Each structure stands twice: as C-alpha cells, then as structure tokens.
Amino acid sequence: MSAEVIYGKELAADLRENMKKEVFELSKKGITPSLTVVLIGHDPASESYVKGKQKASEEVGVDSNLIKLPDTTTEQELLELITDLNEDGKIHGILVQLPLPNHINEQAVIEAIDPKKDVDGFHPVNIGRMMTGKDTFYPCTPYGIVTMLRSKNITIEGKHVVIVGRSNIVGKPVGQLLLNENATVTYCHSKTKNIKQFTQAADILIVAVGRAHFITGDDMKEGAVVVDVGVNRLDNGKLTGDVDFESALEKASYITPVPRGVGPMTITMLLHNTIKSAKQFNNL
Ligand code: GUN
C-alpha cells in the first residue's frame, strides 16, 4: 500500500481563504478580530512561530499585535500586562508564547488570561470545557489534527487512536478531542513498556514526541492513519518529523508529512479561535 499524503498546508490555505471572506463580512459590521501575541526573550523557534502567526493573521485580515519583552521581564510585570490586555475591549485573543523563561511560573500566566480571550485553549476553564465535551476554544494543534482527519472523511468513531507523547499542548488534548468523537484512546509516553505493541494496534497513530524518526513503518499496522506532529531539525538543516516517512508511506493508508503537514494547521486554528472570539464578544 502507498498512503495518501494529507497536506495540511493546502487545507490551511483553503480554510484561510474562507476566513478572509468571513473577516471581510465582519468588517462591514465594524468588527476586526484582534490578536495580541506576547513573546519574551529570543528563543529562535519561538521567534519563527511568532513570525508565522503575524504573517497568517495579516493574510486573513486579523489585526495582530506583537509585544516583545526582554527575558529579564518579571512575572509580576507579565501578569500586569495580561491584566491590561484582559481589560482592553479592542483585543479578542491573547497568546503568550511558550516556553517562558524559568523565573516565570507558566501556570500562573496561563491562569491569568481571561478564558474568553484564551485562543490557545490552555486555561483550565477551557480545558475543563473541552473535557466535558462543551464548545470552547480548543488547543490549536489538536484541533488542527482533528480538522485534517475530517477533511479526508476519516472515520474516528469506534477507532483505536494511539497517541505517542502526553504533552499538555498536543498529546493530552488531542486524545480528549478524539475521545469526544467516540474513539478509543490509548496514551503512550516515555515510561510505557513495549510501545510497539500499542503502536502496532493503532487504527489512527498520532506521534508527538520530538524525536526524529522515532516511529517507523515496522511500528504500525497495515492501513493505519498516521499523524506526525514532530518538528525536528537534522544536522543538515532539514526539518523532519517523528515518523520515518519513507517506510511509513508503504504501510499507512494516510500520512501527514513534515513540513507542510500539521504545522500550518496550528496557526490556522489560532486564527479560527480569534475570529470565534471576536464574534462571541459581539454576540454573533
Ligand atoms: N509554543 C509551542 N506551541 C505553542 C502554542 O500552540 N501556543 C503557545 N502559546 N506557545 C507555544
């Protein structure tokens, strides 16, 4: 079998085209969705993500402001800034780029953001809503993955989803979203014994561990749907996923590539959440 490749990049472009129209319609009502991104320090990966967010926002007409702060910023200063952003009626979405410097308590920052403006979907209120199957801001990468599966009409209900990686940003929430869609979900992580026995049982295999080519074709069953969330830079400068693409392509029925796979969907769902927030603030 040779898998069909799911290009998130193409789906993201289609979705953004629709968002552009939606934003134009909102502009006729005097509404401009507005996102504020806070970036602390100079982490190259974070700077690159933030640049991508700015560019995509511009593309669809979402007003995007970047607040860059030095890595000497104190937790108190950041919390005060968030209070100001929470109170600013013109701002619909607040995103504090993670990771934060060690001297700042990440959880305190996440909890300081008004859940109504938490377009990352990281606030405990929004996580709780997601866990109980309610409509809310869903975390962007998990939501992007579900949107990719839906775009190919891949059945989720009744399928065995195996997730490798249990981060708060990807692994845990994507399992929850797929459980909400009636999948049977297994989580594997660094302490799991004999991971292969689980990955080989997966109808849908989602890999988010941050280790280049951690999963190969031999680790999956024939016809599996494989979603690769990894972004790893090789010594030769090239980006590659957590899945060995060549061997997986022979085994899977669908597979997402790296790059041009899940990555472009994350930013797209952030824009989706920002537009949703702008509509909610205007009772639309
Ligand atoms: N760092 C890596 N991914 C993300 C994300 O989705 N949101 C935020 N705020 N920081 C991140």
Side-chain angles (χ1 to χ4, degrees), residues 8 12 34-57 62 64-69 71 73 75 78-79 81-82 85-86 91-102 104-127 130 136-148 163 165-177 206-211 227-233 239 241-242 258-259 261-274 276-277:
S34 172
L35 170 70
T36 293
V37 175
V38 181
L39 173 63
I40 301 193
H42 294 281
D43 177 59
S46 289
E47 284 188 327
S48 158
Y49 288 139
V50 166
K51 217 184 257 175
K53 285 167 187 162
Q54 299 290 112
K55 188 166 162 272
S57 300
V62 166
S64 173
N65 313 299
L66 173 61
I67 300 179
K68 277 180 116 166
L69 298 172
D71 51 19
T73 304
E75 184 176 315
L78 180 55
L79 293 175
L81 169 64
I82 291 171
L85 297 173
N86 283 342
I91 294 171
H92 308 111
I94 302 169
L95 181 146
V96 178
Q97 185 65 34
L98 304 178
L100 291 169
N102 286 334
I104 299 179
N105 179 341
E106 216 157 83
Q107 194 58 26
V109 171
I110 288 170
E111 292 188 20
I113 296 171
D114 181 344
K116 291 193 186 75
K117 297 190 176 187
D118 170 39
V119 287
D120 255 333
F122 292 168
H123 192 286
V125 164
N126 288 322
I127 295 172
M130 177 183 65
T136 187
F137 298 120
Y138 300 131
C140 300
T141 301
Y143 195 15
I145 291 169
V146 174
T147 304
M148 288 173 93
I163 299 164
R166 55 167 159 182
S167 70
N168 289 331
I169 293 184
V170 182
K172 277 187 218 166
V174 77
Q176 187 62 58
L177 284 183
I206 300 177
V207 193
V209 287
R211 289 171 65 176
V227 178
D228 188 351
V229 191
V231 183
N232 309 290
R233 203 168 282 281
L239 284 184
D242 290 351
V258 177
V262 173
M265 291 299 293
T266 297
I267 293 178
T268 303
M269 302 330 280
L270 173 68
L271 297 176
H272 168 93
N273 282 349
T274 304
K276 181 186 176 94
S277 179

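When a ligand or atom number is given, it counts from 1 through the structure's own listing order. Nothing fancy with the numbering, it's 1 onward along the sequence. Values in this document were obtained by computation on a predicted structure and should not be read as measured data.
The shortest N or O to N or O distance between Gln97 and ligand 1 is under 3.5 Å. Between Pro99 and ligand 1, not a single N/O pair is under 3.5 Å apart.
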| side chain to side chain contact (heavy atoms under 4.5 Å, CB included) evaluation trace for Lys276 with Phe137 | CA-CA 8 Å; Lys276 181 186 176 94; Phe137 298 120; 3.9 Å; yes
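To the nearest 0.5 angstrom, Ser57 atom OG is 5.5 Å from Leu35 atom CG.
Comparing Leu39, Ile169, Val119 by heavy-atom distance to atom 4 (C) of ligand 1, the nearest is Ile169.
Contact annotation for Asp120 and ligand 1: only side-chain heavy atoms (C-beta onward) come within less than 4.0 Å of the ligand. Of the heavy atoms in Val96, only backbone atoms (N, CA, C, O) come closer than 4.0 Å to ligand 1.
Protein heavy atom in closest approach to atom 10 (N) of ligand 1: Leu98 N, 3.0 Å.
Residue contacts with ligand 1: Leu95 is included, with a non-hydrogen atom under 4.0 Å away.
Looking at Met265 and Ile145, their side chains never come closer than 4.5 Å, going by heavy atoms from C-beta outward.
Here the side chain of Asn86 pairs no donor or acceptor atom with the backbone of Ile113 at under 3.5 angstrom.
Of the listed residues (Val37, Ile94, Leu81), just one forms a side-chain contact (heavy atoms from CB on, under 4.5 Å) with Ile67, and that residue is Leu81.
Looking at His123 and Glu111, their side chains never bring a donor and an acceptor atom within 3.5 Å of each other.
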